[in-house]
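What you see is a predicted model, and the numbers here were worked out from it, not measured in a lab.
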Amino acid sequence: MPEWKTDQEMLALVRRHLYSAVVGDICDEMGLRNQYLPAELQPLDRASRTVLAGRAMTVLEQDIDAVPDERRPWGAMLEALDSLRPDEVYLCSGSQRDYALFGELMATAARRRGAVGAICNGFVRDTHRLLEMGYPVFARGTYGCDQRGRGHVVDYRVPLCVGTVEVQPGDLVVGDIDGVVVVPRKAEVEVITRALAKARTESVVRKAILEGMSATEAFAQYGVL
């Protein structure tokens, strides 16, 4: 049985004790070797020690080259934002051109709905405002160009391909300064249980090395390095 009883308890454990590398290592050990989103997706705030952990609310973006519909200038983007639930992550992909997929007012709306962050396979804008908010955002970079007339949201809560990773709505995403890992829901109990155990063992190994044990001895005794 896992050491948590609710989804909220599990997410709290991940945020408090885990990080992307240890979760990725366990995925590798379990044969899930293609779970990292592209390396270019980096946290907007590189100084933050926050671990983003939440459920993927997938958003499919599509490039366009047309005068936008003034009634729905960003397609289904507003509906996607309004559908966000507590502990979800706005995860957007699909665009090929350079324009911003996320900004300050979107972050404000997402936070108001209880969403815990955003991951955009593209660019974001309103950078200073987002940093002031302290809202966890991952992107390829910053660029002020608006998506209006250049791209729009065509669907959400659908399977999404981000780089080479297939993301299903509700999959667990864990992100920090070292990247973002997607854990399939069917594997998450085993992944998180084993990751917690490994993280705790790493603390023991760190102490042993500080006290004089060699790296070779530590790996032989604990199987972790």
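Taking hydrophobic clusters as Ile, Leu, Val, Met, Phe, Trp and Tyr residues chained together by side-chain heavy-atom distances below 4.5 Å, I26 shares a cluster with W4. L130 is connected to L81 through a chain of hydrophobic side-chain contacts under 4.5 Å among Ile, Leu, Val, Met, Phe, Trp and Tyr, so both are in one cluster. In terms of hydrophobic clustering, with Ile, Leu, Val, Met, Phe, Trp and Tyr side chains grouped at heavy-atom distances under 4.5 Å, L105 and W74 are assigned to different clusters. Hydrophobic clustering (side-chain heavy atoms under 4.5 Å, transitive across Ile, Leu, Val, Met, Phe, Trp, Tyr) keeps L78 apart from L91. Tracing side-chain contacts under 4.5 Å through hydrophobic residues (I, L, V, M, F, W, Y), one never reaches Y99 starting from L60; they form parts of separate clusters.
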| message | Before you tell me yes or no, could you show the steps for L11 and L172 under side chain to side chain contact (heavy atoms under 4.5 Å, CB included), namely the whole-Å CA-CA distance, both residues' side-chain angles and the distance that decides it to 0.1 Å? | response | CA-CA 9 Å; L11 291 171; L172 174 65; 3.6 Å; yes

| query | Is there a side chain to side chain contact (heavy atoms under 4.5 Å, CB included) between M77 and H152 once you walk through the steps? | reply | CA-CA 7 Å; M77 185 189 78; H152 63 188; over 6 Å; no

| said: Assess the residue pair D146 and R125 against the criterion (side chain to side chain contact (heavy atoms under 4.5 Å, CB included)); give the C-alpha distance rounded to whole Å, side-chain angles, the decisive distance to 0.1 Å, and a yes or no. | reply: CA-CA 9 Å; D146 190 11; R125 67 182 198 171; 3.6 Å; yes

| query | Which is it for R113 and E88 under the salt bridge (charged side-chain N to carboxylate O under 4.0 Å, His left out) test, yes or no, and what are the steps along the way? | reply | CA-CA 9 Å; R113 301 289 299 176; E88 287 190 326; over 6 Å; no

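In this structure, P159 and T58 have side chains that are not in contact, with every pair of non-hydrogen atoms separated by 4.5 Å or more.
With sequence neighbours left out, the salt bridge (charged side-chain N to carboxylate O under 4.0 Å, His left out) criterion links D25 to K198. Judged as a side-chain hydrogen bond (donor to acceptor under 3.5 Å, both in side chains), and not counting sequence neighbours, the contacts of Y19 are E202.
Under 4.0 Å is where a charged nitrogen must lie from a carboxylate oxygen, and between R140 and D98 no such pair does.
With hydrogens and angles disregarded, no donor-acceptor distance shorter than 3.5 Å links the side chain of E166 to the backbone of C161. In this structure, N121 contributes its side chain and V162 its backbone to no donor-acceptor pair below 3.5 Å. Of the possible donor and acceptor atoms, one in the side chain of Y135 sits under 3.5 Å from a partner among the backbone N and O of G117. In this structure a side-chain-to-backbone donor-acceptor pair under 3.5 Å is missing from D87 to Q8. Panel note: side chain R194, backbone M30; no donor-acceptor pair is recorded below 3.5 Å.
Applying the 6.0 Å contact sphere to CZ of R97 captures more than 12 heavy atoms from other residues, nucleotides or ligands. Within 6.0 Å of the CZ atom in R185, the count of heavy atoms belonging to other residues, nucleotides or ligands exceeds 12. Dense packing is recorded around CD of E132, with more than 12 heavy atoms of other residues, nucleotides or ligands lying under 6.0 Å away.
When every heavy atom of G151 is checked against every heavy atom of I64, the shortest pair comes out as N-CG1, 3.5 Å. In terms of heavy atoms, E3 sits closest to L13 at CG-CD1, 3.9 Å. Heavy atoms only, all atoms of each residue included: I119 and V180 are closest at CD1-CG1, 3.8 Å. Nearest heavy-atom pair, A21 versus Y36, reported as atom, atom and distance to 0.1 Å: CA-OH, 3.4 Å. Of all the heavy atoms in A195 and L18, the pair that sits closest is O-CD2, 3.5 Å. Summarising the geometry of V183 relative to D171, their closest heavy-atom pair is O-CB, 3.8 Å, with the distance given to 0.1 Å.
For the residue pair D178/S20, the side-chain donor-acceptor check at 3.5 Å is not satisfied.
Exactly one of P169, S83, C92 qualifies for a side-chain contact (heavy atoms from CB on, under 4.5 Å) with M57. That residue is S83.
Rounded to the nearest 0.5 angstrom, L52 CG and R15 CZ are separated by 8.0 Å.
For the salt bridge (Lys or Arg N to Asp or Glu O under 4.0 Å) condition, the pairs that include at least one residue of residues 48-60, sequence neighbours left out, are D7-R55, R55-E188.
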